[in-house]
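Heads up: the structure comes next, in structure tokens.
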There are 2 protein chains.
Amino acid sequence: MDKRIATIQDVARVAGVSTATVSRTLSKPSVVAQSTRDAVLSAVAETGYRVNSTASNLRRQRKGSAIALVPNLANPFFSQILAGMSAILTPARLGLLVADTQTGTDPDERFAHFLQSGQADGLVVFDGSLSPTALDVPGRPPVIMACEWMAGDLPSVRVDNALGASMAVAHLAEQGHRNIGHVTGPRGNVLTETRRDGFCRAMAEQGLALRPEWIFDGDFSMDSGAAAGRRWLKLASRPSAVFFASDEMAVGFMGAVQHAGVRVPDDLSIVGFDNIDVVAHLTPALTTIRQPRTIIGMRAAELLVEMIEAGSLTGPSEVIEMEFISRKSVAPPKD
Amino acid sequence: MDKRIATIQDVARVAGVSTATVSRTLSKPSVVAQSTRDAVLSAVAETGYRVNSTASNLRRQRKGSAIALVPNLANPFFSQILAGMSAILTPARLGLLVADTQTGTDPDERFAHFLQSGQADGLVVFDGSLSPTALDVPGRPPVIMACEWMAGDLPSVRVDNALGASMAVAHLAEQGHRNIGHVTGPRGNVLTETRRDGFCRAMAEQGLALRPEWIFDGDFSMDSGAAAGRRWLKLASRPSAVFFASDEMAVGFMGAVQHAGVRVPDDLSIVGFDNIDVVAHLTPALTTIRQPRTIIGMRAAELLVEMIEAGSLTGPSEVIEMEFISRKSVAPPKD
DNA sequence: AGTCTCCTTGCAAACGATTACATCGTCAAG
DNA sequence: CTTGACGATGTAATCGTTTGCAAGGAGACT
């Protein structure tokens, strides 16, 4: 008797009402009489009934979950964002499904898969390198971009990346730096572009010269930062400060040059981007630009929920404020 | 006509067969004749049909997803584990739902919720502080513990934490250290206990004295490591080496003491635990014990899938091998 | 030719909820 | 007394698949 899990039928029987009434009691309590409501509720308690979300979803043409599609799940950058999303989705009765675009063969194929498979009521996409043409499917769910974005008019939640870069340059210039380098993200990435462009524009605005050999290619990873560090060490004429498109690259870079005896910030000033947790504990602690990750996750989820509930494929975008965090990795240049 | 998404009915009509045949073609192709199979497949292609997983799950009494229940989603430690799980679950046609126990009021309540809500076909639980009594619900899904574990006989996937601790002590002793301290995780945590016990036992085996004032309380976080570092600095008589129950604490500790002018490894040797990404890029790079996180995630997911498919609430446990990684944060003691 | 197997396929009943529509009292207004 | 409105509940169709059971047809064997 305790074997099978209780269904709405069982509750109805125990309460002496129809299943319709049970359903209404649970979803729209206002339309059922007080006395019936009590009877149903106690029957629910007695049977230990919980609504079967699969059945409910089927009937209501819902999936009951949203997907976070990140480029690389193993990247810790996303964990706080997921936490923020989860905080919003849970009360909205949506589960949080996570998936990345790098597992399997073709990222675009995976994107298309999630768009078409109908596993979710909506997607939050963190990978701007996907192809917008995949969006051309008949009953696709609403999609919102976060952090990154792509061509087309999908709503998005992001920071003003160019502004972030100019904050970094302004701070460095203020400290007296005139020779500033930059380590970029991977080619083609929108963040790479906007941060680099912001950097270049800010340099011009500060009246500082841009030296092509001081722009290093990276891919956001610590290893690529370390590689850039090694290239910096070989330079005949070095910039006295470097701005990084990601904290992780700054960490890798700093490790590499410190290894070679370079002192930060005495010999070299460093400004990162993102404010990942670890940078506050490095020696020296890193000056960086904070992207409020939890908030980004929350806002993206909120906007997505609104789109889902409105049944709309479009919605507003939002720009989240960043914060410049000054720590110990910047000092005036030596001479 | 392109408006509504195609159902199995549409495919059946186009292919001139019954829905049963379509279903069988897709799930058990071997039982349908070659010619019919072709007809169905081309009808599928023509209509753009994709099976509605909600309906399918309802009929098959499946939920179509597994939940990873972590203590704190914002902790990057889990991102690689999730990636490993995802790699296994996706081919098994299971989505990966993530949730943490710290959102909301009571962790045990949330645990119970996921156990009863029937949102998932199975759970992978990473929080050993939950109450096993919550498991006493009729018809609950299979559960497997990973990394941490709790009283009772739930299957689990984990490393031999005590062994890890003794690897650290052995290495330090080999380098000549006789005065070794330890920074623990949060009180009551199983990892804290087993790593501390392993540390104490290993010290005894090496014939080294245990000094209670050299055991610092931490909680796995960088901040708590930094706090321990500050306490270490105040010590009249300091251990020449410290073993940490987590890399994050080691990072915080090292930052704090370096800040005060202490040189690692010349003045102090450090061994961490976990091998999180960043430690390879610190100055000095940290010696640590690697927990293969991707593999832990994969094995946990694999075992869970087996339990789900067997409809069993129990299954085998597994111990994953660790690896001692020697970097630059350990040197012989000075005198 | 009759019967017995297989191999394929179709029929129709689930799966468990939601909800448009119908029904039934009850009560107030005409 | 009749009629209408309204509030509360029940009836039953529906969401899109899967699958046990039965039936049709084609050989094969006696």
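For the numbers below, each heavy atom of this structure counts, side chains included, while hydrogens, waters and symmetry mates do not. We name chains A, B, ... by the order of the sequence lines, and we start the count at 1 in each one.
Computed from coordinates, the B:Leu26 CG to D:dT17 P distance equals 10 Å when rounded to whole Å. Straight-line distance from the NZ atom of B:Lys28 to the P atom of C:dG10: 16 Å, rounded to whole Å. Here C:dA17 presents its C1' atom at 8 Å from CG of B:Leu58, a figure rounded to the nearest Å. One can place CZ of A:Arg13 at 12 Å from P of C:dG16, the figure rounded to the nearest angstrom. Straight-line distance from the CZ atom of B:Arg62 to the C1' atom of D:dT17: 15 Å, rounded to whole Å. In this structure, B:Asn52 places its CG atom 18 Å from P of C:dC15, rounding to the nearest Å. Atom CD of B:Gln61 and atom C1' of D:dT19 are 13 Å apart (whole Å). Rounded to an integer number of Å, the gap from CG of B:Asn57 to C1' of D:dG16 is 12 Å.
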Scan nucleotides 7-10 of chain D against the protein and return all N/O pairs shorter than 3.5 Å with their distances rounded to 0.1 Å.
| residue | atom | partner | partner atom | Å |
| --- | --- | --- | --- | --- |
| D:dT9 | OP1 | A:Thr36 | OG1 | 2.3 |
| D:dT9 | OP2 | A:Ala33 | N | 2.9 |
| D:dT9 | OP2 | A:Thr36 | OG1 | 3.1 |
| D:dG10 | OP2 | A:Ser18 | N | 2.8 |
| D:dG10 | OP2 | A:Ser18 | OG | 3.1 |
| D:dG10 | OP2 | A:Thr21 | OG1 | 2.7 |
| D:dG10 | N7 | A:Arg24 | NH2 | 2.8 |
| D:dG10 | O6 | A:Arg24 | NH1 | 3.2 |

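For the residue pair A:Thr101/A:Asp127, the side-chain donor-acceptor check at 3.5 Å is satisfied. A donor-acceptor pair shorter than 3.5 Å cannot be found between the side chains of A:Asp108 and A:Ser131.
Using a 4.5 Å heavy-atom threshold, the side chains of A:Val190 and A:Met150 count as separate. By the 4.5 Å heavy-atom criterion applied to side chains, A:Leu313 and A:Arg140 are counted as neighbours. Side-chain contact between B:Arg62 and B:Ile308: present, with at least one pair of heavy atoms (C-beta onward) separated by less than 4.5 Å.
Contact record, B:Leu89 with B:Ala66: CD1-CB, 4.0 Å, taken as the closest heavy-atom pair. A pairwise comparison of heavy atoms in B:Ala15 and B:Val40 identifies CB-CA, 4.0 Å as the closest pair. Between B:Ala301 and B:Ile88 the shortest heavy-atom distance is CB-CB, 3.7 Å.
For the pair B:Gln9 and D:dC15, the criterion of a side-chain N or O lying under 4.0 Å from OP1 or OP2 is not met. For C:dA17, neither phosphate oxygen OP1 nor OP2 lies less than 4.0 angstrom from any side-chain nitrogen or oxygen of A:Ser56.
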Could you walk me through whether A:Met145 and A:Val125 satisfy the side chain to side chain contact (heavy atoms under 4.5 Å, CB included) test, starting with their C-alpha distance in whole Å, then the side-chain angles of each, then the deciding distance to 0.1 Å, before giving a yes or no?
CA-CA 5 Å; A:Met145 302 290 308; A:Val125 177; 3.8 Å; yes
Going through the checks in order, is the side chain to side chain contact (heavy atoms under 4.5 Å, CB included) test met by A:Leu191 and A:Phe220?
CA-CA 10 Å; A:Leu191 302 179; A:Phe220 290 144; 4.0 Å; yes
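In this model, a side-chain donor or acceptor of A:Arg59 finds a partner on the base of C:dT18 within 3.5 Å.
Applying a 4.0 Å cut-off to non-hydrogen atoms, the residues of residues 41-51 of chain A that approach DNA chain C are A:Tyr49, A:Arg50, A:Val51, listed by residue number.
Screening A:Phe111, A:Phe78, A:Phe77 for a ring pair (Phe, Tyr, Trp, His ring centres under 6.0 Å) involving A:Phe126 leaves a single residue, A:Phe78.
Helix bend of the helix from C:dA1-D:dT30 to C:dG30-D:dC1: the angle between its two end axes, each built from five pairs, comes to 60° after rounding to 10°.
Nearest nucleotide to the B:Arg60 side chain, out of D:dT17, C:dT19, D:dT19: D:dT19.
Of the possible polar contacts, one joining the B:Asp10 side chain to the B:Thr7 backbone as a donor-acceptor pair under 3.5 Å is found.
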